[in-house]
Amino acid sequence: MIKFEQVSKTYPGGHKALEKVSFELANGELAFLTGHSGAGKSTLLKLVSVMERPSAGRVYINGVDLNTVSNRQVPFVRRDIGIIFQNHRLLERYSVFDNVALPLVIEGTHHKQITKRVHAALDKVGLLDKAKCHPSVLSGGEQQRVGIARAIVNSPPLLLADEPTGNLDPELSMEILNLFEEFNRRGTSVLIATHDLGLIARMKYRSFTLNQGRMLQDPLAEDTL
Ligand code: ADP
Ligand code: ADP
């Protein structure tokens with residue numbers, strides 16, 4: 001689903017955020033991406049979602065070499081990727097329904113389809129009864145679930161999450177992870193960037209670790225690949 005080959009990213013100004021990173025997330029796999037703050041996790045996710053371009057090396061999504069994707073084609077690549085941020089980035093002036101509907105509205109989906117799919121997405125995250133609310137009246141965990149509903153509303157084959165539990169207590173964090181597991185069971189590939197090692201330890205998934213822009217060898221990789 002995701003393949004990095006010797007990928008480096010140097011930001012303007014010369015900061016090396018990633019150096020010769022190679023790894024693979026299999027189709028249908030759920031895995032974690034860990035490392036200290038500044039290790040390069042967000043940069044890696046931005047290369048996958050083509051918000052940044054690599055300085056060297058190749059990134060493949062579903063077999064497509066992103067170096068061959070022009071800026072005009074980027075929106076089509078992004079349709080296959082649901083992205084979840086730590087600070088959920090919901091639009092406060094819009095209802096929960098309208099926030100979740102946004103990706104479909106942008107795609108030009110017919111309004112009957114929009115209603116159906118938004119309700120299905122809200123149902124999956126357990127927030128059907130909050131569709132008419134504004135995000136500001138929801139709890140932190142509920143707001144994060146709205147962000148997840150928005151990311152999955154067009155059923156993307158790949159979900160990326162950048163510190164999705166960063167602002168949540170352990171119990172709510174587990175709830176969010178259970179949601180990711182459920183999507184994964186239905187076939188969605190999931191990559192979750194987090195520095196919450198406690199959370200990872202309790203789960204059976206592979207984790208990729210970045211240290212100052214370099215990928216550490218995954219001790220489980222030999223067994224699981
Ligand atoms: P993480 O998500 O693991 O905290 P990041 O990928 O955000 O790490 O950052 C990796 C390094 O790259 C950091 O030192 C950060 O300051 C730097 N960095 C990130 N984005 C930019 C940018 N747009 N311009 C310059 N440096 C950046
Ligand atoms: P997050 O931690 O939520 O991933 P950050 O606060 O690290 O986001 O970064 C916010 C934005 O600033 C990102 O677009 C990132 O690329 C950019 N950024 C991060 N570090 C730097 C930096 N050292 N110089 C310039 N831009 C940066």
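Note that ligands are numbered from 1 as they come in the structure, with each ligand's atoms numbered from 1 the same way.
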Taking only heavy atoms of [X], which atoms of ligand 1 are found under 4.0 Å from at least one of them?
X	result
G40	1 (P), 3 (O), 5 (P), 6 (O), 8 (O), 10 (C)
H36	3 (O)
S42	1 (P), 2 (O), 6 (O), 7 (O)

Ligand 1 N/O within reach of [X] N/O, cut-off under 3.5 Å:
X	result
T43	yes
K46	no
G38	yes

Spatial distance of atom [atom1] ([X]) from atom [atom2] ([Y]) [nearest 0.5 Å]:
X	Y	atom1	atom2	value
F208	S22	CZ	OG	11.5 Å
Q113	T115	CD	OG1	9.0 Å
I148	I84	CD1	CD1	5.0 Å

Below 4.0 angstrom, N of the basic side chain to O of the carboxylate: do E19 and R214 qualify? yes
Looking at E182 and K124, is there a salt bridge between them, counting it only when a charged N and a carboxylate O are closer than 4.0 Å? no
Ligand 1 contacted by A39 (non-hydrogen, < 4.0 Å): yes
Heavy-atom count check: over 12 atoms from other residues, nucleotides or ligands less than 6.0 Å from E107 CD? yes
Considering K9, H15, K41 one by one, which has a heavy atom nearer to atom 11 (C) of ligand 1 than any of the others? H15
